[in-house]
Number of protein chains: 2
Amino acid sequence: MNDNTISNLSVDCVIFGFDSEKLNVLLLERKLEAENGETVFCDHTLVGHHVRVGETLDESAARILEETTGLSNIYLEQFYTFGNPDRLKKPRAKLWLESIGRNPEERVISVGYFSLVNVNSVHVSYTERHASWFNLNEIEDLGFDHKEILNKALEALQTKIKTNPLAFELLPQKFTLSHLQKIYEVVLGIEIDKRNFRKKVSQVPYIVPLKEKQQKVSHKPAQLYMFSRDIFEATKKKDFNFSF
Amino acid sequence: MNDNTISNLSVDCVIFGFDSEKLNVLLLERKLEAENGETVFCDHTLVGHHVRVGETLDESAARILEETTGLSNIYLEQFYTFGNPDRLKKPRAKLWLESIGRNPEERVISVGYFSLVNVNSVHVSYTERHASWFNLNEIEDLGFDHKEILNKALEALQTKIKTNPLAFELLPQKFTLSHLQKIYEVVLGIEIDKRNFRKKVSQVPYIVPLKEKQQKVSHKPAQLYMFSRDIFEATKKKDFNFSF
DNA sequence: ATTGTTTATGTATAAAAAACACTAAATAAG
DNA sequence: CTTATTTAGTGTTTTTTATACATAAACAAT
């Protein structure tokens with residue numbers, strides 16, 4: 001297969017999206033049809049692609065993200081590389097790879113990236129294969145070794161969000177504190193006390209209240225806030241605390 | 001070149017060692033000699049090797065570590081993958097790769113692992129190329145993109161040691177609290193108050209005092225301690241704290 | 001016995017985290 | 001227009017964790 005890519009090197013993107021309620025992942029349908037039109041199997045995979053000649057890994061991830069979501073300049077982070085010799089050796093994987101003209105015997109290593117987007121900013125189903133959002137808790141198995149990749153991505157996200165301002169990547173520019181709180185709750189799988197959370201927020205200089213409230217909600221409208229990266233960069237200090 | 005390896009995939013190991021004083025890295029001498037015996041250049045690189053056919057990435061890293069140090073069953077962790085198309089394109093890299101029979105034009109991606117050992121457990125200079133320990137602060141440039149890899153490894157180590165019991169990997173089985181404290185100080189680049197440190201230690205169930213003291217030191221001998229992984233595993237709890 | 005060097009130890013203060021319950025503002029429904 | 005429903009918004013107390021700081025004890029070397 002010659003599409004100007006490196007045949008044994010791919011990038012897979014775990015695209016996390018937040019919808020005010022739950023954490024979701026963007027998956028592609030993987031449907032294999034026989035010649036007679038019957039479906040041989042239909043399941044889902046992460047979005048990924050082989051790396052192009054001359055393209056860096058970061059560029060490759062950004063390209064894949066843009067091709068499936070239309071979004072560019074999105075938070076993307078490399079988290080792990082998957083290279084088991086047998087990672088593409090499940091029966092369905094072989095059938096699928098053959099059907100798209102890849103050699104199912106070739107050992108392909110895949111570099112994992114995760115990215116964070118707000119689900120409302122994505123116009124889904126941009127490419128040939130059907131893309132859609134799945135609630136993280138409702139994902140059973142995935143094609144190839146993608147469940148393992150997803151698990152590792154979630155771990156990396158959880159670790160990273162504890163000490164870095166990632167939550168804002170999942171939100172629209174203007175957000176409420178309830179939404180912000182919900183993100184920490186669903187990503188870390190914890191419950192947070194509302195008053196303590198807001199006390200903490202009020203001590204953070206780069207979460208700034210706007211002169212604007214929610215509109216058209218059938219309850220008390222919430223104050224809107226924004227994240228100022230400028231203030232964050234100007235005020236951030238390193239945290240050397242350790243805990244065995 | 002056919003040595004049963006994958007020509008465009010390598011693993012590089014950043015082997016950190018602690019010597020009661022400083023943090024060190026194990027480097028290989030990279031000396032290129034002309035036909036007349038004159039030295040064309042001489043510098044240093046990390047230890048690395050191409051991945052073998054059929055070998056997982058973890059196995060590859062463990063093999064490389066054992067080949068250069070003689071050690072097995074050592075803490076090893078994958079931290080990042082380096083795949084820039086131009087990462088092997090510096091002039092010296094080309095000369096070196098040619099000299100060892102590799103194609104200097106091939107794009108090789110390298111998976112980075114770091115590992116932690118106690119310097120006294122290593123019998124250096126096990127292989128053809130001369131290996132030796134270098135104080136982290138005294139390393140200027142390295143061959144290929146290995147300075148960049150080293151920097152990223154140190155970052156990963158610093159992040160990880162803040163919340164995981166890695167320090168013990170750098171120590172002999174029996175250690176003093178001063179040594180343990182020193183590790184946090186040199187790895188994180190901070191100073192720690194002795195009394196507060198020891199107060200913290202005394203609250204940790206898996207750092208256990210032995211009925212044994214230092215021998216043959218010309219000052220008050222210190223209590224020896226050990227790390228119990230069993231107790232650690234049995235008592236560890238997840239930390240959900242976050243800090244924007 | 002004196003010196004040099006490192007170990008070992010406790011208390012007070014400040015900062016951060018956790019626990020906890022009611023009122024306010026908007027729309028929707030009757 | 002009244003009421004119901006839903007989410008926003010707010011303070012105080014207690015507990016836990018972090019910080020700052022100084023002196024005596026043990027051993028080896030001389």
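In what follows, chains are A, B, ... by sequence order, proteins preceding strands, each numbered from 1.
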Task: Whole-Å distance separating the CZ atom of A:Arg198 from the P atom of D:dT12 - done: 17 Å
Task: Value in whole Å for how far the P atom of C:dA19 lies from CD1 of A:Ile192 - done: 12 Å
- [ ] Indicate, with yes or no, if the rings of B:Phe82 and B:Tyr80 have centres closer together than 6.0 Å.
- [x] yes
Task: Spacing of A:Ile190 atom CD1 relative to C:dA17 atom P, expressed in whole Å - done: 13 Å
Open item on the list: Need one value for B:Thr176: base, sugar-phosphate or nothing, where a base atom within 4.0 Å counts as base even if backbone is also close, heavy atoms only.
Closed with: nothing
TODO: Answer with yes or no after comparing the ring centroid distance for A:Phe242 and A:Phe244 against a 6.0 Å cut-off, counting only values under it.
DONE: yes
- [ ] Using whole Å, report how far CG of A:Leu224 lies from P of C:dA25.
- [x] 17 Å
Open item on the list: Between B:Phe168 and B:Phe175 (judged by ring centroids, cut-off 6.0 Å), do the two rings come close enough to count as a pair?
Closed with: yes
- [ ] Quickly work out the B:Phe244 CZ to C:dA17 P distance and round it to whole Å.
- [x] 11 Å
- [ ] May I ask you to check if A:Arg92 and A:Phe144 form a cation-pi contact, with NZ or CZ under 6.0 angstrom from the six-membered ring centre and within 45° of the axis?
- [x] no
Task: side chain to side chain contact (heavy atoms under 4.5 Å, CB included) assessment of B:His44 paired with B:Phe134 - done: CA-CA 10 Å; B:His44 293 86; B:Phe134 287 80; 3.4 Å; yes
Task: Side-chain heavy-atom pair B:Glu29, B:Arg129 within 4.5 angstrom cut-off - done: no
TODO: Round to a whole Å and report the spacing from CZ of A:Phe197 to P of C:dA16.
DONE: 17 Å
- [ ] Assign A:Gln223 to base, sugar-phosphate, or nothing according to its heavy-atom contacts below 4.0 angstrom with the strands shown.
- [x] sugar-phosphate
Open item on the list: At under 4.0 Å between heavy atoms, how does the protein contact nucleotides 17-30 of chain D? Give one character per nucleotide, 5' to 3', with B, S or -.
Closed with: --BBBB--BBBS--
Task: Nucleotide C:dA8, atom P - distance to OH of B:Tyr225 in whole Å - done: 6 Å
